[in-house]
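When reading the values below, keep in mind they use all heavy atoms of this one structure, side chains included, and skip hydrogens, waters and symmetry mates.
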Amino acid sequence: MTSISTCNQFVGIVDEVNVGAINAEVYIILKGDEVIVASITKQSIENLAIKKGSEVLALVNPSQVIIVTDFGGYRLSARNQLQGTITNITYGEVSSIVEIKLKNDQLISVAVTNECIESLILRKEQLVTALFKAGAIILALPK
C-alpha cells in the first residue's frame, strides 16, 4: 500500500482504454479477474500515458462506496459492482466503517451511517455488493 489517506487501493492492469472528446473509460483487471471501470479525463490519459497493459493503482474513498443487500429487481447505473462478505464493522458515534472481503480476497471499506447499518441489518458474514461510480476512481501510475 502507498502513503495515501484512502484505504481502498486496488492494483490492476489496464485492459482497455476508450477515449472520447473529453473523458475516457479505463477498464482495469484486478486480482481474481474482477474488472472495474474508471472514468477520467482525456487529459489525464495523456498526462499519465495510460494504455493497455499499464499497471495502475485505483483509489476509491470509502465515502464514495455504497452497500447493497438487495437490488429489488432494479439495475443501477453504478458501473462497479463488487460482491463480497462483510468481515468487520467498526462503529463510530454517528457513522461506521464496514469492511467487505471481495471474491479476490481484497478488502474494500465503506463509510456508512449507523442508521444505515441498522436499517439494512448489516452483520458479519453477510453477502453484500459494494457499488461505486466510475467517476469515483482516481488512478495513479508508478513513476
Side-chain angles (χ1 to χ4, degrees), residues 1-90 92 94-117 119-143:
M1 242 198 233
T2 61
S3 297
I4 297 175
S5 64
T6 188
C7 50
N8 294 323
Q9 301 181 24
F10 303 100
V11 175
I13 302 296
V14 173
D15 184 51
E16 184 179 340
V17 179
N18 296 327
V19 181
I22 297 171
N23 290 326
E25 292 180 332
V26 181
Y27 290 78
I28 303 159
I29 300 175
L30 304 178
K31 183 175 88 174
D33 291 331
E34 293 202 74
V35 176
I36 60 173
V37 181
S39 177
I40 63 174
T41 65
K42 178 181 177 182
Q43 186 66 47
S44 291
I45 292 289
E46 294 168 3
N47 291 345
L48 296 171
I50 295 173
K51 61 185 181 302
K52 183 176 176 136
S54 297
E55 182 178 296
V56 295
L57 179 64
L59 308 168
V60 184
N61 191 298
S63 64
Q64 296 294 311
V65 184
I66 297 169
I67 295 176
V68 175
T69 58
D70 179 1
F71 285 88
Y74 287 91
R75 293 180 300 155
L76 302 177
S77 64
R79 304 277 298 275
N80 300 300
Q81 302 184 15
L82 303 173
Q83 196 172 55
T85 304
I86 295 175
T87 59
N88 191 42
I89 301 173
T90 304
V94 176
S95 62
S96 301
I97 296 292
V98 177
E99 291 181 350
I100 301 167
K101 184 177 183 180
L102 303 175
K103 292 178 183 178
N104 63 11
D105 288 332
Q106 285 188 281
L107 291 176
I108 186 167
S109 296
V110 186
V112 296
T113 63
N114 293 338
E115 182 180 346
C116 177
I117 290 173
S119 68
L120 291 175
I121 314 169
L122 298 180
R123 64 195 181 287
K124 280 185 173 184
E125 304 303 320
Q126 183 177 5
L127 187 64
V128 295
T129 302
L131 300 176
F132 50 96
K133 294 181 72 71
I137 299 173
I138 295 173
L139 294 181
L141 275 80
K143 288 185 178 182

Side-chain heavy atoms of [X] within contact of [Y], under 4.5 Å:
{"X": "Leu131", "Y": "Gln81", "result": "yes"}
{"X": "Val65", "Y": "Asn8", "result": "yes"}
{"X": "Ile67", "Y": "Val98", "result": "yes"}

*Show the numbers, then the answer: is there a side chain to side chain contact (heavy atoms under 4.5 Å, CB included) between Val68 and Leu76?*
CA-CA 10 Å; Val68 175; Leu76 302 177; 4.3 Å; yes
In Å, rounded to the nearest 0.5 Å, how long is the span from [atom1] of [X] to [atom2] of [Y]?
{"X": "Leu102", "Y": "Leu82", "atom1": "CG", "atom2": "CG", "result": "5.5 Å"}
{"X": "Ile137", "Y": "Ile36", "atom1": "CD1", "atom2": "CD1", "result": "4.0 Å"}
{"X": "Asp33", "Y": "Lys103", "atom1": "CG", "atom2": "NZ", "result": "12.0 Å"}
{"X": "Ile28", "Y": "Ile50", "atom1": "CD1", "atom2": "CD1", "result": "7.5 Å"}
{"X": "Ser54", "Y": "Leu48", "atom1": "OG", "atom2": "CG", "result": "9.5 Å"}
{"X": "Asn88", "Y": "Ile100", "atom1": "CG", "atom2": "CD1", "result": "11.5 Å"}

With sequence neighbours left out, what residues match [X] under side-chain contact (heavy atoms from CB on, under 4.5 Å)?
{"X": "Ser95", "result": "none"}
{"X": "Leu107", "result": "Thr87, Glu99, Lys101"}
{"X": "Ala134", "result": "Val37, Ser39, Arg79, Asn80"}
{"X": "Asn47", "result": "Gln43"}

Looking at residues at least two apart in the chain, or sitting in another chain, which of them share a side-chain hydrogen bond (donor to acceptor under 3.5 Å, both in side chains) with [X]?
{"X": "Glu16", "answer": "Asn18"}
{"X": "Glu46", "answer": "none"}
{"X": "Ser44", "answer": "Thr41"}
{"X": "Asn23", "answer": "none"}

*For residues 58-68, pull every pair meeting side-chain hydrogen bond (donor to acceptor under 3.5 Å, both in side chains), keeping only residues two or more places apart or in separate chains.*
Asn61-Ser63
*For Leu30 against Gly12, the heavy-atom pair lying closest together*: CD2-CA, 4.3 Å
*asked:* Show every salt bridge (Lys or Arg N to Asp or Glu O under 4.0 Å) that has at least one partner inside residues 53-77, sequence neighbours left out.
replied: none
_Pairs where residues 5-15 contributes a residue and the test salt bridge (Lys or Arg N to Asp or Glu O under 4.0 Å) is met, not counting sequence neighbours_ = Asp15-Lys52
For residues 122-129, tabulate all N or O donor-acceptor pairs below 3.5 Å that involve a side-chain atom, not counting sequence neighbours.
residue, atom, partner, partner atom, Å
Arg123, NH1, Ile121, O, 3.4
Arg123, NH1, Gln126, OE1, 3.3
Gln126, OE1, Arg123, N, 3.0

*Is the number of heavy atoms from other residues, nucleotides or ligands under 6.0 Å of Ile97 CD1 greater than 12?*
yes
